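Here's the structure we're looking at; comments come further down.
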Amino acid sequence: MINLVHFNFSGVSEERQMKFHHGFGACFDRNVMYVESAYRDDAANPELYRNLDVAMVDCLRRHELVPVEYTVAQYRKESDAFTNMTFDGEQLAQQQAYDRRRKAYSFDFDNPQVRTCVAGINPNAIADEIKEWRPFD
């Protein structure tokens, strides 16, 4: 469960957008928020680490996705490389750039268990994968 949505409201009035956001927010608060929180804690961060980098490394280690000696410092270095990677004038499509940026991590980003750790702890790392939603189409 990931509460990341890329909305596309092209051609939709501001009034209709506000009404949508009000309803969407109310539905999320009533039906999703607590379940999502419990799932994320149970699946990815059962130790309830406050530091998300520590939680991520713990999840990766617990599921044997990285060596035991993999450190929080190494994860931070890889995460910073992912976030700050530039392509020196190369003309890459958004998906190509994202695919190359993911290679900054030393673990297999496509592994389903890695994806569970990422989605549960740092969903922003997969935000580029979220397809836009046009709720009024």
Side-chain angles (χ1 to χ4, degrees):
M1 296 179 158
I2 304 170
N3 184 31
L4 289 176
V5 182
H6 292 288
F7 296 110
N8 182 333
F9 290 113
S10 298
V12 177
S13 71
E14 191 170 325
E15 178 183 348
R16 198 164 178 205
Q17 289 179 46
M18 295 302 291
K19 184 176 181 179
F20 172 85
H21 282 299
H22 177 74
F24 183 84
C27 178
F28 180 82
D29 290 348
R30 275 192 319 270
N31 302 304
V32 177
M33 184 170 53
Y34 298 111
V35 173
E36 178 183 40
S37 178
Y39 170 80
R40 289 175 68 170
D41 290 345
D42 185 56
N45 189 11
E47 299 296 325
L48 302 177
Y49 292 112
R50 292 181 121 169
N51 183 308
L52 298 182
D53 293 345
V54 171
M56 184 65 169
V57 171
D58 177 66
C59 188
L60 293 170
R61 284 183 187 159
R62 214 170 347 99
H63 296 287
E64 300 177 356
L65 301 164
V66 294
V68 173
E69 54 276 352
Y70 187 80
T71 65
V72 172
Q74 184 176 353
Y75 172 74
R76 286 181 179 147
K77 182 179 178 183
E78 292 172 2
S79 186
D80 287 345
F82 169 83
T83 301
N84 299 316
M85 188 176 290
T86 59
F87 302 104
D88 298 325
E90 287 184 70
Q91 298 297 322
L92 299 175
Q94 182 177 350
Q95 187 61 46
Q96 290 174 309
Y98 176 71
D99 290 343
R100 191 171 309 166
R101 288 176 46 229
R102 281 194 338 190
K103 292 180 181 174
Y105 292 107
S106 60
F107 46 86
D108 179 6
F109 213 87
D110 292 323
N111 178 300
Q113 186 58 55
V114 167
R115 314 269 304 157
T116 297
C117 290
V118 172
I121 295 167
N122 184 15
N124 289 325
I126 58 173
D128 290 340
E129 294 180 25
I130 306 300
K131 303 292 183 215
E132 90 177 9
W133 177 34
R134 298 178 60 94
F136 294 101
D137 281 356

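Since we're looking at a predicted model, the values are computed, not measured.
- In this structure a side-chain-to-backbone donor-acceptor pair under 3.5 Å is missing from R76 to T71.
- The shortest distance between side-chain heavy atoms of M56 and V118 falls below 4.5 Å.
- Shown here for A44 and C59, the closest heavy-atom pair between the two residues is O-CB, 3.6 Å.
- Classified by interplanar angle (parallel below 30°, tilted 30° to 60°, perpendicular above 60°), the ring pair F109/Y98 is perpendicular.
- Under the 4.5 Å side-chain criterion, counting only non-hydrogen atoms from C-beta, Q96 is not in contact with F87.
- Scanning both residues, R62 and P46, for their nearest heavy atoms gives NH2-CD, 3.4 Å.
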For this session: Evaluate the side chain to side chain contact (heavy atoms under 4.5 Å, CB included) criterion for residues E15 and K19: first the C-alpha distance (whole Å), next the side-chain angles of each, then the deciding distance (0.1 Å), finally the verdict.
Result: CA-CA 6 Å; E15 178 183 348; K19 184 176 181 179; 5.8 Å; no
For this session: May I have the step-by-step check of side chain to side chain contact (heavy atoms under 4.5 Å, CB included) for V57 and Q74, ending in yes or no?
Result: CA-CA 9 Å; V57 171; Q74 184 176 353; over 6 Å; no
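- Rounding to the nearest 0.5 angstrom, the gap separating the CE atom in M85 from the CG atom in D80 is 11.5 Å.
- When side chains are defined from C-beta on, S106 does not count as touching Y75, because their heavy atoms never get closer than 4.5 Å.
- Aromatic ring centroids of H63 and F107 lie 6.0 Å or more apart.
- Rounding to the nearest 0.5 angstrom, the gap separating the CZ atom in R115 from the CG atom in L65 is 12.5 Å.
- From I121, atom CD1 reaches atom OG1 of T116 across 10.0 Å, with rounding to the nearest 0.5 Å.
- The neighbour count for E90 CD, taken as heavy atoms of other residues, nucleotides or ligands under 6.0 Å away, is above 12.
- R61 contributes atom CZ, which lies 9.0 Å from atom CD of E69 (distance to the nearest 0.5 angstrom).
- Rounded to the nearest 0.5 angstrom, L60 CG and D108 CG are separated by 11.0 Å.
- Follow the hydrophobic side-chain contacts under 4.5 Å out from L92 and you never reach F82; the two are in separate clusters.
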